[in-house]
Amino acid sequence: MTAAFLLQTVGITKRFKGLVAVDHLDLAVREKTIHSIIGPNGAGKTTVFNVITGIYRPEEGQVRFQGEVLNGLKPHDILARGIARTFQNPRLFRNMTCLENVMAGQHAHGRAGLLASVFRLPRQRQEERRIREVAEECLARVGLDRFRHELARNIPYGAQKLLELARALASRPKLLLLDEPTCGLNESEKAQMMEFIGELPGQGLTVLLVEHNMHVVMGLSDLITVMSYGKKIAEGTPEEIYNNPVVIEAYLGRSEGHALAR
């Protein structure tokens, strides 16, 4: 295990009946970088996220985080170890306020215990104040503090994407998995999201990104892994991937490199 690698998948394989969704995938994500996974629809990208976060268990291989094997752990246990994620379509508590949604992101780190909660002991009250303060900070960090008392269902779609990101950040992750963070956003919102994500490594976070928008991928990534039909077919810097004929063929079925970044 190389110390600089925060996350590694070693030969992970996930099957759904006769379909091999992820086929012996090796992935190594360095600390404080943005590592992107790209590929055509059906390549297995989101399945990789689901394996890493414990939604699916791989039939073969291992997921290692900070040297610990995560296979078999439940999603909340993986969250508690420092891996948080967002989804292509935001999964929010729509009938809760934005502040309550972000407060919910801290549940994995609760320490007060059942008795303290039942009897409203000082320890429990202190923890509630701390959770609220962290949630307020995370909302302000993504520019949504003005919506803190608004129901999640009532805010614009772009704000919902940021709200889910704020909730993930509230869990104090070391690794943040972002699944199509710019999907459905207008150009101004995409630029705002790109700027925010680009600053995360400088704040000590590591990002694993799945994204279809090649402008976003090429503009943010330190390293890119390309998947097709569950397999890794290429890996490299944005420049290397942009000029890789295997990648161009997988995306376009022809050798027109200039079209990859459109």
Side-chain angles (χ1 to χ4, degrees), residues 1-15 20-39 43-87 105-111 134 138 164-165 167-179 181 197-211 217 220-227 230-238 240-241:
M1 176 73 178
T2 303
F5 291 138
L6 184 66
L7 173 81
Q8 286 185 294
T9 69
V10 183
I12 60 169
T13 298
K14 179 59 188 174
R15 302 182 183 91
V20 182
V22 179
D23 192 355
H24 295 91
L25 179 69
D26 293 330
L27 191 68
V29 180
R30 292 188 179 275
E31 288 185 285
K32 300 177 185 178
T33 65
I34 298 176
H35 188 132
S36 293
I37 304 176
I38 67 172
K45 307 180 294 295
T46 296
T47 302
V48 172
F49 271 24
N50 289 338
V51 170
I52 292 170
T53 55
I55 295 174
Y56 299 148
R57 185 167 184 170
E59 281 80 20
E60 299 175 37
Q62 292 183 337
V63 178
R64 301 173 185 169
F65 181 66
Q66 295 184 308
E68 178 186 5
V69 177
L70 302 185
N71 294 45
L73 293 182
K74 300 295 185 183
H76 67 271
D77 293 320
I78 292 173
L79 176 64
R81 281 162 172 76
I83 301 178
R85 73 172 292 181
T86 65
F87 294 84
Q106 300 175 67
H107 71 87
H109 298 288
R111 296 287 189 274
V134 170
C138 290
E164 190 178 45
L165 181 53
R167 186 175 64 189
L169 292 171
S171 71
R172 303 196 300 273
K174 301 180 181 72
L175 175 65
L176 188 58
L177 277 58
L178 303 178
D179 193 351
I197 295 170
E199 293 173 349
L200 293 176
Q203 299 167 4
L205 274 170
T206 304
V207 176
L208 185 59
L209 175 71
V210 163
E211 179 60 63
V217 171
L220 287 176
S221 305
D222 295 293
L223 196 72
I224 300 171
T225 298
V226 187
M227 294 182 65
K231 292 179 177 289
K232 178 166 73 175
I233 62 170
E235 191 168 77
T237 65
E240 289 168 340
I241 295 302

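Note that this is a predicted model, so its numbers are computed, not measured. We count residues from 1, following the sequence as given.
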Taking the side chain as every heavy atom from C-beta outward, state whether E60 and H24 have any atom pair closer than 4.5 Å.
yes
Check each of L208, L165, I83, I34 against L176 using the side-chain contact (heavy atoms from CB on, under 4.5 Å) test, and report the only one that passes.
L165
Which atom of L70 lies closest to which atom of F65, heavy atoms considered
CD1-CB, 3.7 Å
Out of curiosity, E68 CD to I78 CD1, how far, rounded to the nearest 0.5 Å?
9.0 Å
Any donor-acceptor pair under 3.5 Å linking the side chain of K14 with the backbone of Y56?
no
Flag side-chain contact, heavy atom, 4.5 Å: M227 against V48
yes
Does the side chain of R85 come under 3.5 Å of the side chain of N50 through a donor N or O and an acceptor N or O?
yes
Drop me the distance from T53's OG1 to D77's CG, to the nearest 0.5 angstrom.
12.5 Å
Non-hydrogen side-chain atoms of Q66 and K174 separated by less than 4.5 Å
yes
Between N71 and V63 (side chain of the first, backbone of the second, donor and acceptor by atom type, cut-off under 3.5 Å), is there such a pair?
yes
Any side-chain donor paired with an acceptor under 3.5 Å for S221 and H35?
no
T237 backbone acceptor or donor facing E240 side chain under 3.5 Å
yes
Under 3.5 Å donor-acceptor, K232 side chain and D26 backbone
yes
Ignoring hydrogens and geometry beyond distance, is a side-chain donor-acceptor pair present between T225 and E235 at under 3.5 Å?
yes
To the closest 0.5 Å, what do you measure between CZ (R64) and CG (L6)?
14.0 Å
Side-chain (D23) to main-chain (G230) donor-acceptor, under 3.5 angstrom:
no
Using atom types as modelled and distance alone, determine if a side-chain donor or acceptor of S36 lies under 3.5 Å from a backbone N or O of I224.
no
Is V29 close to F5 at the side-chain level, that is, under 4.5 Å between some pair of heavy atoms?
no
Flag side-chain contact, heavy atom, 4.5 Å: R81 against L175
no
Compare all side-chain heavy atoms of V22 with those of T13 and state whether any distance is below 4.5 angstrom.
no
When rounded to the nearest 0.5 angstrom, what distance separates CD1 in I37 from CG in L25?
7.0 Å
Has the side chain of E164 got a donor or acceptor atom that lies under 3.5 Å from a matching backbone atom of F87?
yes
Distance check, rounded to the nearest 0.5 Å: I52 atom CD1 versus L177 atom CG?
5.0 Å
Quick check against the 3.5 Å criterion: does E59 have a side-chain atom that pairs as donor or acceptor with the backbone of R15?
yes
Is the closest side-chain heavy-atom distance between Q106 and S171 below 4.5 Å?
no
Quick one, I241 with V226, criterion side chain to side chain contact (heavy atoms under 4.5 Å, CB included). Give me CA distance, side-chain angles, the key distance, then yes/no.
CA-CA 8 Å; I241 295 302; V226 187; 3.8 Å; yes
Judged by atom type as modelled, is there a donor-acceptor pair below 3.5 Å linking the side chain of T9 to the main-chain atoms of L27?
yes
Side-chain touch P201/T206, heavy atoms, less than 4.5 angstrom:
no
Inter-residue atom distance L205.CG - Q203.CD, 0.5 Å rounding
7.0 Å
